[in-house]
Amino acid sequence: MAGGKLQAPRGTFDVLPEDGRRRSALRNACAELFGAAGYGPVETPIFESTDLFARGVGETTDIVQKEMFTFEDQGGASLTLRPEGTAGVCRAYLEHGMHKLPQPVKLWYWGPFFRHERPQAGRYRQFTQVGIEAIGSDEPTLDAEAILLLAELLANAGAQGVRLRLSSLGTPATRRDYSDELRKYLHGREAELSQEVRSRIDANPLRAFDSDHPGTQAVMRDAPKLLDRLAPEDAEHFAAVRALLDDADQEYDIDPALVRGLDYYTRTVFEFTSDALGAQSGVGGGGRYDGLVEQLGGPPTPGVGWAAGIERILMVSEVEAGAENPDVYVAQEGQADSRMAFRLVRDLRSRGVSAQMEQAGRSLKGQLKHADRIGARSVLIVGDGVLHVRDMRTGDQRDAASADEAMGIVEELTA
Ligand code: ATP
Ligand code: MG
């Protein structure tokens, strides 16, 4: 289609430098926070075999049923742009024999994810998630550590109006028994439920708690709660996690209706929300997935983790990234040789001084104005055989007899 106006695809966005600086700062904060807690960086492909998500996310979830970007490669293999990170990380854990390493294996990731959703504020088709996974141990300290790391990340990012919802889903056996009980209950009040919930009573009755349909919500208020059906060891595990959070003065609301969108969760589930987001209130969430690695063909292996949306964190954060003001701007006067200016810029940078130079043919007056606009601390003016350094704070200008002397003055002003 010739002549059409080119635009980023629906539900995607471009990151421009101002926003890019905030994202970089957040990513650096993540690397520091998670690194200090023993989490190593991991990267997995942005597309995987479709089967991985069908098995690792769950056939009955919204993600697998409605939200995946799936395509065939030239050889006819079905591939899917990753809608979430845990399945890929667990696949990598198995593929590289990480279950033979000392456990738990602690990993963190950051990158693009893809879901075919109806775009709106805070909801995109390509978005960015940061996440951590701790695989190979079911110690409650890992659940609490994961939750507190996300809390700390959100606090560092200046996220506003943050609340933590917490629950436990027990083990698959408990859930099966409970699901049977819930199915019976839902069938008993089928007429009051939304069409969608009714159609999924048998496949995944727990999802009825997620519904925003008023009739369904009324039915769910009186429904039996999984938290009241936990087996003793799961209830104990949950109590241990809560005690650790209490010790850390982490506030939370127990929410028996909290059902994460993924089938593989067991025991702890949690979600951080922000009032500042309105309808899209989820900032990040996760939980324990003790059955997942086995479901992917590995040995029984517990794990816990979470993912948070970078765009949503930045939406509710009031922290601005600092501007990158150069220490020095190298200006050129008259017919001065640009090779001299270019060499000075490189020398200055190698000394740790942030330096920019004139690259748009402005007059000297225009260059000084530009240097002022970008907040340069000083300007090194390269004239025909002469060098001057101007202190942009005071307006004082000094002559330098050599490049070394000029750079010395610049360093003095920078310090
Ligand atoms: P929601 O209830 O908003 O659909 P979700 O339960 O699908 O969220 P998760 O699968 O838990 O979300 O993903 C973790 C985080 O990733 C979310 O809390 C959110 O911050 C972010 N996220 C999820 N989907 C999108 C999206 N389409 N666009 C932007 N961010 C998203
Ligand atoms: Mg969703």
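First listed ligand is number 1; within each ligand, the first listed atom is number 1. Numbering of residues begins at 1 and proceeds along the displayed sequence.
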State, to 0.1 Å, how close Leu258 and Phe270 come at their nearest heavy-atom pair, and which atoms those are.
CD2-CA, 3.7 Å
Establish, from distance only, whether the side-chain atoms of Tyr289 and Glu133 form a donor-acceptor pair under 3.5 Å.
yes
Are Glu84 and ligand 1 in contact, using a heavy-atom cut-off of under 4.0 Å?
no
Would you please say whether a donor-acceptor pair under 3.5 Å links the side chains of Thr414 and Asp327?
no
The reported gap from CZ in Arg390 to CG in Leu413 (rounded to nearest 0.5 angstrom) is 12.5 Å
Is it the case that the ring center of Trp108 lies less than 6.0 angstrom away from the ring center of Phe34?
yes
How about OH on Tyr185, more than 12 heavy atoms from neighbouring residues, nucleotides or ligands closer than 6.0 Å, or not?
yes
With respect to Gly309, determine whether any N or O atom, backbone or side chain, lies less than 3.5 Å from an N or O atom of ligand 1.
yes
Are Glu190 and His187 linked by a side-chain donor-acceptor pair shorter than 3.5 Å?
yes
Are any of the heavy atoms in Glu311 under 4.0 Å away from ligand 1?
no
Ligand 1 to Glu117, heavy atom cutoff 4.0 Å, flagged ligand atoms 24 (N), 25 (C), 26 (C), 27 (N)
Show the atoms of ligand 1 that are less than 4.0 angstrom away from any heavy atom in Gln129.
13 (O), 14 (C), 15 (C), 16 (O)
Under a 4.0 angstrom heavy-atom cut-off, which atoms of ligand 1 come close to Gly122?
28 (N), 29 (C), 30 (N)
Suppose I only count heavy atoms of Tyr124 and a 4.0 Å limit; which atoms of ligand 1 are within that range?
26 (C), 27 (N), 28 (N), 29 (C)
Contact (N/O only, under 3.5 Å) between Ala307 and ligand 1:
no
Does Phe127 reach ligand 1 with a nitrogen or oxygen that is under 3.5 Å from one of the ligand's nitrogen or oxygen atoms?
no
To the nearest 0.5 Å, tell me how far Gln217 CD sits from Ser194 OG.
10.0 Å
Applying a heavy-atom cut-off of 4.0 Å, say which part of Arg115 lies close to ligand 1: side chain, backbone, both or neither.
side chain
Counting only heavy atoms closer than 4.0 Å, does ligand 1 sit against the backbone of Val283, its side chain, both, or neither?
backbone
Is there a polar contact between ligand 1 and Gly285, counting only N or O atoms under 3.5 Å apart?
no
Can a salt bridge be assigned to the pair Glu18 and Arg22 using a cut-off of 4.0 Å between side-chain N and carboxylate O?
no
Taking only heavy atoms of Gly284, which atoms of ligand 1 are found under 4.0 Å from at least one of them?
18 (O)
In terms of atom number and element, which parts of ligand 1 are under 4.0 angstrom from non-hydrogen atoms of Gly282?
18 (O), 19 (C), 20 (O)
